[in-house]
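Down below is the structure, laid out as structure tokens.
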Amino acid sequence: MDSCKIPTVPLPSGQHIPLLGLGMSHNGGYSHSALLYALMKCGIRHIDTAKRYGNEVMVGKAISESGVKREEMWLTSKLWPADYGYENTIQACLDSCKRLGVNYLGICRSIGVSNFLIHHLEQLKEDCSVVPHLNQVEYHPFHKPQALVDYCRQNNIVVGGYCPLAKGQALHHPLIQQIAKNYGKTPAQICIRWSIQNDVVTIPKSTKQERILENCKVFDFVLAEEDVLTLSSLHDGRHVSWDPSDIL
């Protein structure tokens, strides 16, 4: 596969985030060769990591080795609760930049939140002067939180989605398998394409080159509206990650 140009989505900050990224993992291992492959062969320019994942140094090393210019990369890292507080947050961001070998995340050019529900975002509006530019939440055919998505869009917050394959559960659903067969695609590609067509910034995880390649081949077809609706109808509210609804 030749390196492809992945579309971007504008953020209220004025920055543009790639619609498809690659998620790093804190429990699924790290593959340096796979990340290099994603950067050099698949056109990936959006990497989602975190201090907690313990791989920021290696991610920075891979970016350096790939030859991809910093200004072409979108790097997301995350603040760990132990680093909350104004001064601590600044230092944590600087530390992440140092580990990644870059001089900005934005230190910080765009600010997002993760796993925020409507009541969390409402509280944030009361307490803060800056509305987050992006809210990263669990998003797959079995978990399509439409009320939250609608709220975010009404408030100019871009939605990012993790676990687009429902940690593999979606790959074995007969309806998804049938739709994949109809398009000559894999179930993973169908799920990722569905997420992208719903205008969700999508970050599948993988440490295998062949899976990363597969996950990137989602821009050469479009799902028919009836298939988008069929996939959306699979929503049953299940979480495959964690449920933030009990967090006040």
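As the structure is a prediction and not an experimental result, all values here were calculated from the model.
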Please enumerate all residues that pass salt bridge (charged side-chain N to carboxylate O under 4.0 Å, His left out) together with K208, with sequence neighbours excluded.
none
Is there a donor-acceptor contact under 3.5 Å from the side chain of S233 to the main chain of T230?
yes
Do side-chain atoms of S33 reach the backbone of S31 as a donor and acceptor pair under 3.5 angstrom?
no
Only counting residues at least two apart or in another chain, list the ones meeting ring pair (Phe, Tyr, Trp, His ring centres under 6.0 Å) with Y162.
none
Strictly distance-based, threshold 3.5 Å: is any side-chain N or O of Q189 a donor or acceptor partner for the main-chain N or O of E214?
yes
Where is the tightest heavy-atom contact between H46 and P18, given as atom of each residue plus distance?
ND1-O, 3.2 Å
Pairs in or reaching into residues 77-135: which pass ring pair (Phe, Tyr, Trp, His ring centres under 6.0 Å), with residues at least two apart or in two chains?
F116-H120
Would you call the rings of F221 and Y183 parallel, tilted or perpendicular if under 30° counts as parallel and over 60° as perpendicular?
tilted
Examine distances only and state if a side-chain atom of S64 and a backbone atom of G60 form a donor-acceptor pair shorter than 3.5 Å.
no
Are the side chains of P141 and W194 in touch, meaning some heavy atoms are under 4.5 Å apart?
yes
Just so I know, are the side chains of L124 and P132 near enough to count as touching, which here means a heavy-atom distance under 4.5 Å?
yes
Between D83 and K78, is a salt bridge (Lys or Arg N to Asp or Glu O under 4.0 Å) present by the stated rule, with each step listed?
CA-CA 10 Å; D83 295 320; K78 304 178 191 73; over 6 Å; no
Decide if the gap between the ring center of H239 and the ring center of F142 is smaller than 6.0 angstrom.
no
Looking at D48 and K205, does any basic side-chain N land under 4.0 Å from a carboxylate oxygen?
no
Which residues satisfy the salt bridge (charged side-chain N to carboxylate O under 4.0 Å, His left out) test with E138, sequence neighbours excluded?
none
Please answer whether the main-chain N or O of G85 pairs with a side-chain N or O of T89 as donor and acceptor at a distance below 3.5 Å.
yes
Test side chain to side chain contact (heavy atoms under 4.5 Å, CB included) on V59 and L100; report intermediate values, then the result.
CA-CA 6 Å; V59 168; L100 286 161; 3.8 Å; yes
Will you find, in the side chains of T49 and N55, an N or O donor that is under 3.5 Å from an N or O acceptor?
yes
Indicate whether any N or O donor in one side chain lies under 3.5 Å from an N or O acceptor in the other, for Q169 and H140.
no
Can you check whether N135 reaches V159 side chain to side chain, under 4.5 Å on heavy atoms?
no
My understanding is that only residues two or more places apart in sequence, or in another chain, count here; which of them pass salt bridge (charged side-chain N to carboxylate O under 4.0 Å, His left out) with D246?
none
Check: S110/W74 side-chain N/O donor and acceptor closer than 3.5 Å:
no
Between Q154 and D150, do the side chains contain a donor N or O and an acceptor N or O under 3.5 Å apart?
no
Is a side-chain N or O of Q197 found less than 3.5 angstrom from the main chain of V222, in a donor-acceptor match?
no
Step-by-step side chain to side chain contact (heavy atoms under 4.5 Å, CB included) determination, L105 to T76
CA-CA 7 Å; L105 291 166; T76 295; over 6 Å; no
With the side chain counted from C-beta on, respond yes when T207 and Y30 share a heavy-atom pair under 4.5 Å apart, and no when they do not.
no
Strictly distance-based, threshold 3.5 Å: is any side-chain N or O of K144 a donor or acceptor partner for the main-chain N or O of S232?
no
Looking at D243 and S245, would you say the former's side chain and the latter's main chain have a donor-acceptor pair under 3.5 Å?
yes
Using the test salt bridge (charged side-chain N to carboxylate O under 4.0 Å, His left out), find all partners of E71 that sit at least two apart in sequence or belong to another chain.
none
Check whether any side-chain heavy atom of V149 sits under 4.5 Å from a side-chain heavy atom of N198, and report yes or no.
no
Hey, is D227 close enough to R193 for a salt bridge, meaning N to O under 4.0 Å?
no
Nearest 0.5 angstrom please: E72 CD to I63 CD1, how far?
11.5 Å
Between T8 and I17 (side chain of the first, backbone of the second, donor and acceptor by atom type, cut-off under 3.5 Å), is there such a pair?
no
